[in-house]
Amino acid sequence: MSTLNNENTQSQCANILQHLLSGKSINPLQALNQYGCFRLGARIYDLKQGGYSIDSRIVRAENGKKYAEYSLRVNHERS
């Protein structure tokens with residue numbers, strides 16, 4: 001079920017998609033700082049529901065905390 005229920009959410013998805021399409025990965029702190037997005041996982045879910053192939057990997061920070069980093073799959077054709 002898509003969570004694209006308001007303009008802000010749609011705008012965040014569009015910004016995150018453009019970020020990924022530019023060849024860059026994104027993590028939750030970047031999403032918050034650059035796009036005001038507190039729920040990157042939900043926006044990634046929305047993009048996946050829209051047919052985009054997005055990979056995730058778990059990164060361990062120097063302080064031992066873990067977070068997800070997302071990138072567009074190299075073959076990013078929509079399904």
**Prompt:** Which heavy atom of R43 sits nearest a heavy atom of C37, and at what distance?
**Reply:** CG-SG, 3.4 Å
**Prompt:** Taking all non-hydrogen atoms of both residues, which atom of G41 and which atom of Y70 are closest, and how far apart?
**Reply:** CA-OH, 4.0 Å
**L17: which of I44, D46, L47 passes side chain to side chain contact (heavy atoms under 4.5 Å, CB included)** = L47
**Asked** So which residues get pulled into F38's cluster when ILVMFWY side chains under 4.5 Å apart are joined, directly or through others?
**Response** L32
**Smallest separation among heavy atoms of G36 and Q12, with atom names** = O-NE2, 3.1 Å
**Message:** Is there a path of hydrophobic side-chain contacts, each under 4.5 Å between heavy atoms, that joins I26 and L21?
**Reply:** yes
**Asked** With a 4.5 Å heavy-atom cut-off, do L20 and I54 have their side chains touching?
**Response** yes
**Message:** To check you understand the geometry: which heavy-atom pair defines the closest contact between A68 and P28, and what is its length?
**Reply:** O-CD, 3.1 Å
**ring-ring contact (aromatic ring centres under 6.0 Å, His included) contacts touching residues 11-33 (sequence neighbours left out)** = H19-Y35
**Asked** Q18 side chain to N15 main-chain N or O, any donor-acceptor pair under 3.5 Å?
**Response** no
**Prompt:** Which value, rounded to the nearest 0.5 Å, describes the distance between K24 atom NZ and I16 atom CD1?
**Reply:** 12.5 Å
